[in-house]
Each structure stands twice: as C-alpha cells, then as structure tokens.
Student: 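I'd like to ask some things about the structure below.
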Amino acid sequence: MNQNKLFQLTRWRLASWYAGVMGLILSLCGLGVYEAITHAHWVTIDRELESVAGTLHDSIEPLLKQPGRLEPAAEKLLPDICLAGQECQNSPTNPARHTAGALHQGAYYVRLVDLSERLIALAGSQPTGLPATSTEKLWRTLKDAGGNRYRQISLPLHTQNNRDWGYLQVGRSLKDFDDYLAAIAWILFLGLPIAMIAVAGAGWWLAGLAMQPIYRSYQQIQQFTSDAAHELRTPLAAIRATVESVLRMTHLSDCEARDTLRVIERQNHRLSQLVQDLLLLSRMDRETQPPNPQSQILCCLNDLISDVAEELADLAIAAGVKLTTDIRTNKPVAVVGDEEQLYRLVLNLVVNAIQYTPAGGQVTVILERGNHHAMIHVQDTGIGIVPAEQTRIFDRFYRVNSDRSRHTGGSGLGLPIAQAIAQAHQGSIQVSSILNKGSSFTILLPFR
Ligand code: ADP
C-alpha cells in the first residue's frame with residue numbers, strides 16, 4: 001500500500017486529520033480539566049477563608065465596645081497581634097493560646113481597620129508589601145511586592161450596642177494554589193505534545209488498517225480490469241487478423257468467405273459470452289439487497305438436474321465422457337430461488353466436469369436432501385486439481401492451466417459465476433479433488 005502514492009497520501013491525510021481532531025479534543029479536555037481544578041480549589045479556598053473569618057468575626061464582635069477601639073480581651077484572641085503605630089516582631093506565639101489557632105497553621109493574616117479604612121491592628125503571618133485595600137468589596141485578590149497572590153475577605157464589625165466598629169479583613173496566601181496550578185499547567189503543556197505524538201502514531205496505524213480492505217479491493221479491480229482487457233483482446237485480435245488477411249486477398253471464393261465469416265462468428269460468440277458473463281457478475285456484485293421476489297420461485301432441483309443432463313448429453317458424447325444423474329431421494333427436492341441462475345450454476349459445474357475429464361471418464365450429478373440443505377454433487381474422474389489451486393479456482397479469470405483452459409474455450413469466469421449464484425441463494429460451493437483421479441464439487445442450497 002505504501003508504494004501506491006494515492007493510498008500513501010490518503011493515509012497521511014487521514015492520520016493528520018485524526019491527529020488534528022484528537023489534538024483539538026484533547027486540548028479542550030485539558031483546558032476543561034484545568035478550569036475545573038482551578039474552580040474547585042478556588043471554591044475550597046473561599047470557603048476556608050469564609051469559615052476562618054466567620055469564626056474570628058463571631059469571637060471578636062461581642063468584645064467590641066467603642067468604634068475604632070480594640071479591647072484588650074479582643075487582642076488576646078489574635079496571634080502575633082501588632083497594633084498600629086507599635087513596633088512589632090514576628091515572633092511565633094503558642095497557637096493553643098488563641099481561639100484562632102488556625103491563623104498560625106495556615107498562611108493567614110488578619111487586618112482590623114476602622115470605618116475610615118485606617119489600620120488599627122495586624123495579626124497572623126504578615127505579608128510584606130501588601131497594599132491596603134478598600135473594604136467595599138467582600139472578596140479581593142491582591143498581589144504583594146514579590147508578586148505573590150493573596151485572597152482576602154472583608155467583614156464589617158459592630159460594637160456591643162450595634163454601632164459600626166470597622167472591618168475585619170482576613171487573607172491567605174495563594175502560593176500553594178498557584179504552585180499547584182503551575183504544576184498542572186506544566187503537566188498539560190508537556191503531556192499534550194507527547195499525547196499528540198502517540199495519537200499521530202495510532203492514527204497512522206489505524207488509517208493503514210482501515211485502508212487495507214479498500215486497497216485490496218482496489219487491487220482486485222485493477223487485476224480484474226487488466227484480466228478483462230486481456231480476455232477481450234484475444235478474440236478481437238483474432239477477428240482483426242482474419243479480416244486483414246482476407247482484405248489482402250485479391251480474390252475471395254465463396255468457400256473462403258464462409259470460412260472467414262465462421263471464424264468471425266466464433267470469436268464474436270466468445271466475445272458476447274464474455275461480456276454477458278461480466279455483466280452477470282457485475283449485476284450480482286451490485287445486488288446487495290434481497291433478490292426480486294418475482295424471480296424467486298420454488299425450483300424443483302430434480303427437474304433442473306435432468307434438464308442440465310439432457311442439454312449436455314451431446315457435449316458429453318462428443319467428449320467421450322459418460323454423463324449420469326443419481327437422484328438419492330424419493331421426494332422432489334425444491335429450493336426457493338431464481339431458476340435461471342440455479343440452472344446456470346449446475347450447468348457451469350457439469351460443463352467443467354465434462355471438459356476436464358478425458359475421454360472414457362465419467363461424470364455423475366448426484367442430488368441429495370439434507371436436513372437444512374439440498375445437496376448437489378458434481379463428481380468426475382477427470383484431471384483433478386492440486387490442493388494449492390483449489391482455493392484459487394473461484395477467483396475471477398483464474399485458470400489452473402491457462403493454455404489448456406483456453407483450449408476448452410474457458411475464460412476463468414465459470415466458477416466465480418457459480419459461486420456468486422450460490423452465495424446469492426445463501427448457499428455455498430465446496431470442492432475436493434485429487435490430481436489425476438477426479439474432482440467433486442458440492443453445492444449446498446438452504447431450504448428457506
Ligand atoms: P474455465 O472457464 O476456464 O473453465 P472456471 O472458472 O470454470 O474457468 O474454472 C477455473 C479453473 O478451475 C479451470 O481453468 C480449471 O483449471 C479448474 N477446474 C474447474 N473445474 C474443474 C474440474 N472439474 N476438474 C479439474 N479442473 C477444474
């Protein structure tokens with residue numbers, strides 16, 4: 001297949017399309033997975049922040065008395081608290097001392113701002129260079145001086161007598177989240193080309209696999225065309241040679257004219273027979289639908305075999321072969337089918353048996369009734385066929401011994417036609433043969 005440019009190009013195209021489409025689908029899937037992971041983590045982080053901020057808010061708020069002033073009791077709740085205007089060191093405190101021990105464990109920070117958004121106190125792990133933000137928005141994503149991202153929530157605080165106190169801002173570093181997303185992005189970024197290479201390889205292999213039957217039938221068509229042309233060329237060349245030789249003659253007697261016409265008639269007959277066979281085969285190839293019910297009648301095989309034997313009696317006598325029939329059933333055997341085609345099927349096998357049996361030999365046509373099939377055996381005591389050829393004789397234009405077969409007038413289409421007819425009737429043909437002893441062809445036709 002790779003030697004044929006058209007097929008190789010098509011295979012490349014198919015593989016490329018396959019890789020392209022699969023690449024697009026994989027990219028979209030990768031993007032979808034990335035988005036889903038991002039979203040799921042984002043939701044988790046927001047929930048976590050909401051819960052930490054909610055706990056702090058509920059613990060601090062009952063202790064607040066005056067707007068903008070942090071009570072000492074509230075200060076104790078926050079780890080590493082640093083009041084505005086004080087010098088603070090980031091010394092780790094025992095988390096167990098604080099209700100908000102979570103602030104120590106995670107990368108959280110807390111900011112307390114008054115109503116005019118002035119910083120009152122800071123707590124937790126303090127990021128450096130984080131800009132002060134307005135309290136208008138509930139959620140914010142910020143960046144510190146080093147480009148690290150933070151997620152922050154702002155909750156309003158009220159005093160015990162329900163006056164506005166200020167705001168509690170709780171934030172968390174997104175470093176672990178960003179690192180995780182970067183790792184996934186790298187996996188997708190590197191994984192996609194590797195997957196694409198694998199997909200392209202698989203596409204190439206699958207395209208080859210899918211094109212094999214097409215290539216085989218393409219080869220068969222090519223072979224068939226060249227065989228058909230070859231077969232048609234022979235009688236045409238004979239007619240041309242005969243006509244040319246007659247045209248070269250200055251005088252043509254009646255007898256010579258008759259001989260010439262006879263040659264032309266014989267070659268013409270051969271041509272017509274060949275064309276008819278080819279048409280029949282191509283019609284049977286096209287017939288994928290069930291056969292026309294009008295042509296399907298109950299055919300009595302007993303009568304059919306007798307008719308074939310009667311028609312070929314002269315041929316058998318001329319060949320010096322004894323042709324007999326053996327009906328091994330009392331009842332008539334009938335199958336549903338096209339009578340004309342079934343006649344042709346048996347005729348082809350019996351003609352072959354006579355032609356490939358030397359004078360003095362015997363051809364027997366046997367009819368038997370099986371449980372599900374009618375069986376017709378065409379047995380001869382002829383030249384036989386070597387085992388290696390027995391599967392090939394059903395190929396179109398195939399002849400075991402071309403010269404000998406051509407001598408019999410055969411074109412190598414008799415058995416393919418017989419097989420096509422048997423298959424069109426859901427039947428089959430089997431062959432068994434011993435070289436120089438004889439052959440037996442068995443037709444199986446199911447009772448439908
Ligand atoms: P052809 O028209 O040449 O007979 P067929 O398709 O009918 O073509 O047969 C194909 C080949 O099978 C023949 O060329 C012949 O060599 C072989 N063959 C068919 N029938 C017999 C037989 N009964 N005995 C021996 N050889 C046979």
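All values below come from the heavy atoms of this structure, side chains included, with hydrogens, waters and symmetry mates left out. In listed order, ligands and their atoms are each counted from 1.
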Student: Just which atoms of ligand 1 are under 4.0 Å from any heavy atom in Pro416?
Tutor: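 Under 4.0 Å from Pro416, ligand 1 has these atoms: 6 (O).
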
Student: With a cut-off of 4.0 Å, which atoms of ligand 1 are near a heavy atom of Arg399?
Tutor: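 Going through ligand 1 atom by atom, the ones under 4.0 Å from Arg399 are 3 (O), 14 (O).
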
Student: Nearest non-hydrogen contact with atom 23 (N) of ligand 1 belongs to which option: Val351, Leu413, Asp380, Asp395?
Tutor: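 The nearest heavy atom belongs to Asp380.
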
Student: Considering the heavy atoms of Gly414, write down every atom of ligand 1 situated less than 4.0 Å from one of them.
Tutor: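 Taking each heavy atom of Gly414 in turn, ligand 1 has 5 (P), 6 (O), 7 (O) under 4.0 Å.
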
Student: Test your reading of the structure: does Ser411 have an N or O sitting under 3.5 Å from an N or O of ligand 1?
Tutor: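 Between Ser411 and ligand 1 (N or O atoms, distance only) the closest approach is under 3.5 Å.
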
Student: In terms of heavy-atom contacts, does CD of Glu310 have more than 12 from other residues, nucleotides or ligands at under 6.0 Å?
Tutor: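 No, because the 6.0 Å sphere around CD of Glu310 holds 12 heavy atoms or fewer from other groups.
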
Student: Begin from the C-alpha positions of Leu9 and Lys5 and carry the test side chain to side chain contact (heavy atoms under 4.5 Å, CB included) through to its verdict.
Tutor: CA-CA 6 Å; Leu9 199 75; Lys5 264 202 166 165; over 6 Å; no

Student: Closest by any non-hydrogen atom to atom 16 (O) of ligand 1: pick that one out of Val350, Leu415, Leu435, Val400.
Tutor: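 Among Val350, Leu415, Leu435, Val400, the closest heavy atom to atom 16 (O) of ligand 1 belongs to Val400.
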
Student: Go through the structure and list residues passing ring pair (Phe, Tyr, Trp, His ring centres under 6.0 Å) with Phe224, not counting sequence neighbours.
Tutor: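 Phe224 satisfies ring pair (Phe, Tyr, Trp, His ring centres under 6.0 Å) with Phe397 once adjacent residues are dropped.
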
Student: Report the residues that fulfil ring pair (Phe, Tyr, Trp, His ring centres under 6.0 Å) with Phe7, sequence neighbours left out, ordered by chain and then residue number.
Tutor: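 Once residues adjacent in sequence are excluded, the partners of Phe7 under the ring pair (Phe, Tyr, Trp, His ring centres under 6.0 Å) criterion are Tyr215, Tyr218.
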
Student: Should Asp178 and Arg149 count as an ion pair when the cut-off is N to O under 4.0 Å?
Tutor: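 A salt bridge is present here (some side-chain N lies under 4.0 Å from a carboxylate O).
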
Student: Strictly by modelled atom types, are Glu117 and Tyr167 linked by a side-chain donor-acceptor pair under 3.5 Å?
Tutor: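 No, because no side-chain N or O of Glu117 sits under 3.5 Å from a partner of the opposite role on Tyr167.
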
Student: Touching ligand 1 at all, Phe441? Heavy atoms, strictly under 4.0 Å?
Tutor: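 It does; at least one heavy atom falls under 4.0 Å.
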
Student: Taking N or O atoms only and a 3.5 Å limit, does Tyr356 qualify as a polar contact for ligand 1?
Tutor: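 Among all N and O atoms of Tyr356, at least one is under 3.5 Å from an N or O of ligand 1.
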
Student: Would you mind telling me which of Val363, Thr364, Asp380 makes a side chain to side chain contact (heavy atoms under 4.5 Å, CB included) with Leu323?
Tutor: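 Going through Val363, Thr364, Asp380 one by one, the side chain to side chain contact (heavy atoms under 4.5 Å, CB included) with Leu323 is satisfied by Val363 alone.
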
Student: Can you confirm, on distance only, whether ligand 1 has an N/O atom lying under 3.5 Å from any N/O atom belonging to Ile385?
Tutor: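 No: no nitrogen or oxygen of Ile385 is under 3.5 Å from one in ligand 1.
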
Student: At less than 4.0 angstrom from any non-hydrogen atom of Tyr398, what atoms of ligand 1 do you find?
Tutor: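 Ligand 1 atoms under the 4.0 Å threshold to Tyr398: 10 (C), 11 (C).
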
Student: Are any of the N or O atoms of Gln355 closer than 3.5 Å to those of ligand 1?
Tutor: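 There is no such contact.
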
Student: Quick one: does Gly412 get a heavy atom under 4.0 Å from ligand 1?
Tutor: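 It does; at least one heavy atom falls under 4.0 Å.
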
Student: What about Trp42 and Phe177, are their ring centers closer than 6.0 Å?
Tutor: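 Under 6.0 Å, so yes.
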
